[in-house]
There are 2 protein chains.
Amino acid sequence: MKSSLKQIAKALNLSTAGVSKALNDYPDISLATKKIVKSYVKKVGYKANNQAAYLRTRKTRTIGVIFPEVTNHFFSEILEGIMDQAQKNNYTLIIGHSKESMDEEKRLVNQFLQQKVDGILMSLAQNTSEFSHLEDVVSNETILVLFDKIARTVNCSKVSIDDKKAGFNATEHLIKKGCSKIAHFRGDLNPQNSIDRYLGYREALSLHNINYDANKVLISRKGSVKEGYLLAKKLYESGIKIDGLFCVTDMVALGAIRFFKEQKIDIPNEICIIGFSKTMVGSFVNPSLTSIDQKAIKMGKMAMKLFISEEKMLRTENRLENQYLELKTKLIKRESTDKIL
Amino acid sequence: MKSSLKQIAKALNLSTAGVSKALNDYPDISLATKKIVKSYVKKVGYKANNQAAYLRTRKTRTIGVIFPEVTNHFFSEILEGIMDQAQKNNYTLIIGHSKESMDEEKRLVNQFLQQKVDGILMSLAQNTSEFSHLEDVVSNETILVLFDKIARTVNCSKVSIDDKKAGFNATEHLIKKGCSKIAHFRGDLNPQNSIDRYLGYREALSLHNINYDANKVLISRKGSVKEGYLLAKKLYESGIKIDGLFCVTDMVALGAIRFFKEQKIDIPNEICIIGFSKTMVGSFVNPSLTSIDQKAIKMGKMAMKLFISEEKMLRTENRLENQYLELKTKLIKRESTDKIL
DNA sequence: AAGATTAACTAAAACGATTTAGCTCCTAAA
DNA sequence: TTTAGGAGCTAAATCGTTTTAGTTAATCTT
């Protein structure tokens, strides 16, 4: 039933070495023998034992992927990008979600290192504030690629979007639509994305000579629809008047839209709203939601490509490049900012 | 830099066996020794080598998961359910997507078997019409659990919803809303879900003495928004009048809604529409979409639980149970069927 | 005090592949 | 007829664990 090279070798009157070489197309095995071995192997349904092979090759052709969460269209698309590339390049993907917890993230990293993955691709949890586990990856000679939620200070490859620029563009779009009292529902304080989008927001205001008002900046910790709703409510009830709103995620924007619609506030004519991520639901909501396309599939693809290029670099030149890729974003204009000027 | 039991043993003046036993809490190692070993191991940052361990234990504590696609909220939620249970039970997940191709599905199964996963959890591709690769899993002594898109004839554990009942309930809901000319945009001909939902549709019609009209049943192969739009258009242009529509997925329903809205047809008052899956976008679209909640997270959780129970059964009694779980669905009433009676 | 028991270890084989070094033939050149 | 060279294999070590079957020394029993 279970088959090994040894058994195949015995059946074919060969050595295990011969069988192994035949299957791996070594040049010192005759074509005739290779054919015999391969057809026999197919016939008996032999399945190679990757675990055993690893012991000598030191390669699992396995990559660990860690997401903060997985029921999120943005991360699903990144996963699709990664998976496509992985399957094309004959890599196996191991996956886990940190549920936005640094401890779980650390546990996963450790687990993956014990699985002897060739590399780890990850997006950091919100509250990841300490990076010893990332250093651990590198010091275990495992290639590390951070995507989306990255840590600038860690020495590894990274892919992200230019969040500051994107935040700038989003805000500037509102300004060009004539908004001057622009609120920002930003993300949590730690994550780099959240910081950068906020900085982009401030930069746009500053460039267009609009005074920054800290009261117009509220923090959404989880980036959920519910939070968006509650923040909108809080802002509204505080009496602060706005005519534009830039939200850190589409979900937050959807929550805000829901609240403003309940209050019979006209979007976009009274308040223009822009989200972030270009989720599918944004195109179906009424009014449809202007957003920033983060090119999620491409980000996944690029993360995997970075890994592959680093792996090659390590194999051929025994060094890493630690590249940092910044992907361009795109403003997707829809009804929620389509104000009549 | 890289550490093994052997090196640790040498450093601590123990045998590798002793170190291994200490780490695995064997009773024949003193508490004092265990403490020394564990603290040393932590100090030098030793990472166990799961691959090597497998060679003796024959357990990878790794499970392969195969989805038809992954950028789909339904599957993301199943994944979340699976992942949660996996992480809680200290299993590692390997993941792949078949992209609705049987060949890719077969390739993945084979790859996972070579990785020596303890089990495979999978949802079949649309065009999977032949199951030799599934038999292969079983004959390699690997536990197989099918979820969502299952094959009735394969001898393994399964979780799905009762699609026929769900299709029945969806259709009956329309009937109770006064609809009598009910169309059905069904899924492709092969998948069991698609067949069962269709059968449920017919059963509801029959029970309520409504004549079945084959012209009102159109096939959506991919279940996409675009297809929904085109099918609605086709039906509309064919001149067939309807007052109710049951769609195989929310996406198809969204496409249909989009078309009917363009035609200024009042939903729900002229046509009631019901989808399937309770995707998030359904709650944001206007009118919000009545749907069937498939309990995706629970399905994932149950798939993993089935695996765990089968694994235990195999370990303790050396046999499998091959259970078949059918989860209850729930009708989520929203605006698209909220007709004034 | 001698034998039995127990606590706490170790030795060594085994898992299934890969790979280096070496061994046979056989052929062709000298 | 040697012999050098190459083609096509094999032997055996090795990777890092686990686990069975001891082994040793200390303790207990009578």
Side-chain angles (χ1 to χ4, degrees), chain A residues 1-38 40-41 44-62 92 111 113-118 140-142 315, chain B residues 1-38 40-41 44-62 111 113-118 140-141 315:
Chain A
M1 182 120 290
K2 65 175 178 180
S3 51
S4 65
L5 288 192
K6 207 189 233 175
Q7 287 167 40
I8 291 164
K10 189 183 280 179
L12 297 179
N13 247 332
L14 280 168
S15 67
T16 57
V19 177
S20 169
K21 286 184 169 184
L23 289 176
N24 291 304
D25 273 323
Y26 271 57
D28 62 352
I29 300 288
S30 72
L31 238 120
T33 307
K34 282 178 186 171
K35 273 191 179 151
I36 291 170
V37 171
K38 285 179 182 174
Y40 181 79
V41 149
V44 299
Y46 163 75
K47 305 273 178 242
N49 190 324
N50 291 353
Q51 322 286 313
Y54 158 78
L55 233 45
R56 291 268 357 205
T57 61
R58 306 271 106 182
K59 295 268 172 267
T60 51
R61 285 198 87 78
T62 284
T92 300
Q111 184 182 349
L113 289 178
Q114 297 193 168
Q115 291 283 350
K116 306 298 167 191
V117 293
D118 294 346
N140 273 271
E141 306 196 326
T142 304
R315 188 158 31 82
Chain B
M1 181 120 292
K2 65 177 178 179
S3 50
S4 66
L5 290 190
K6 207 190 235 175
Q7 287 167 40
I8 291 164
K10 190 183 279 179
L12 296 179
N13 246 331
L14 280 167
S15 67
T16 57
V19 177
S20 169
K21 286 183 168 184
L23 290 176
N24 290 305
D25 274 322
Y26 271 57
D28 61 352
I29 299 289
S30 72
L31 237 120
T33 307
K34 282 179 186 169
K35 273 190 180 153
I36 292 170
V37 171
K38 285 179 183 174
Y40 181 78
V41 149
V44 299
Y46 163 76
K47 305 273 177 239
N49 189 325
N50 291 353
Q51 321 287 313
Y54 157 78
L55 233 46
R56 292 269 354 205
T57 61
R58 305 271 106 183
K59 293 270 172 268
T60 51
R61 285 200 87 79
T62 285
Q111 184 182 347
L113 288 178
Q114 296 193 170
Q115 291 283 349
K116 305 299 166 188
V117 293
D118 295 346
N140 273 271
E141 308 198 323
R315 190 158 31 79

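The sequence lines fix the lettering, A, B, ..., with proteins before strands; numbering per chain opens at 1.
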Between C1' of D:dC9 and NZ of A:Lys10, the distance in whole Å:
19 Å

Establish, yes or no, whether the cationic atom of A:Arg58 lies under 6.0 Å from the six-membered ring centre of A:Tyr54 and within 45° of the ring axis.
yes

Heavy atoms within less than 4.0 Å of DNA chain C: which residues of residues 19-28 of chain A have one? Give them sorted by number.
A:Ser20, A:Lys21, A:Asn24, A:Tyr26

Quick one, which residues of residues 49-61 of chain A touch DNA chain D with a heavy atom under 4.0 Å?
A:Leu55, A:Arg56, A:Arg58

Here the distance between atom P of D:dT17 and atom CG of B:Leu14, to the nearest Å, is 15 Å

Evaluate the side-chain proximity of B:Val37 to B:Leu23: yes if any heavy-atom separation is below 4.5 Å, no if none is.
yes

Find the distance A:Lys34:NZ to D:dA7:P and express it as a whole number of Å.
12 Å

Measure the distance from CD1 on A:Ile8 to P on C:dT18 and round it to the nearest whole Å.
11 Å

Between A:Arg315 and A:Asp118, does any NZ, NE, NH1 or NH2 come within less than 4.0 Å of an OD or OE carboxylate oxygen?
no

Distance col, row B:Leu55:CG vs B:Asn50:CG, nearest 0.5 angstrom, shows 12.5 Å

Just checking, is any N or O donor in the side chain of A:Gln115 or A:Thr60 under 3.5 Å from an acceptor N or O on the other one?
no

Report yes if a side-chain nitrogen or oxygen of A:Ser4 is closer than 4.0 Å to either non-bridging phosphate oxygen (OP1 or OP2) of C:dC15; otherwise report no.
no

Between C1' of D:dC15 and CG of B:Leu5, the distance in whole Å:
13 Å

Mind checking the NZ-CD spacing from B:Lys116 to B:Gln51? Nearest 0.5 Å is all I need.
12.5 Å

Would you check if A:Lys21 and A:Leu14 make a side-chain contact, meaning some heavy-atom pair closer than 4.5 Å?
no

Would a distance-only check, ignoring hydrogens and angles, find a side-chain to backbone donor-acceptor pair under 3.5 Å from A:Ser20 to A:Thr16?
no

Look up atom CG in B:Asn49 and atom CG in A:Leu113, then write down how far apart they are to the nearest 0.5 Å.
11.5 Å

Between NZ of B:Lys6 and C1' of D:dT17 the distance, given in whole Å, is 11 Å

Roughly how many Å is it from CG in A:Leu12 to P in D:dT10, rounded to a whole number?
10 Å

According to a strict under-4.0 Å criterion, is A:Thr16 in side-chain N/O contact with OP1 or OP2 of C:dT18?
no

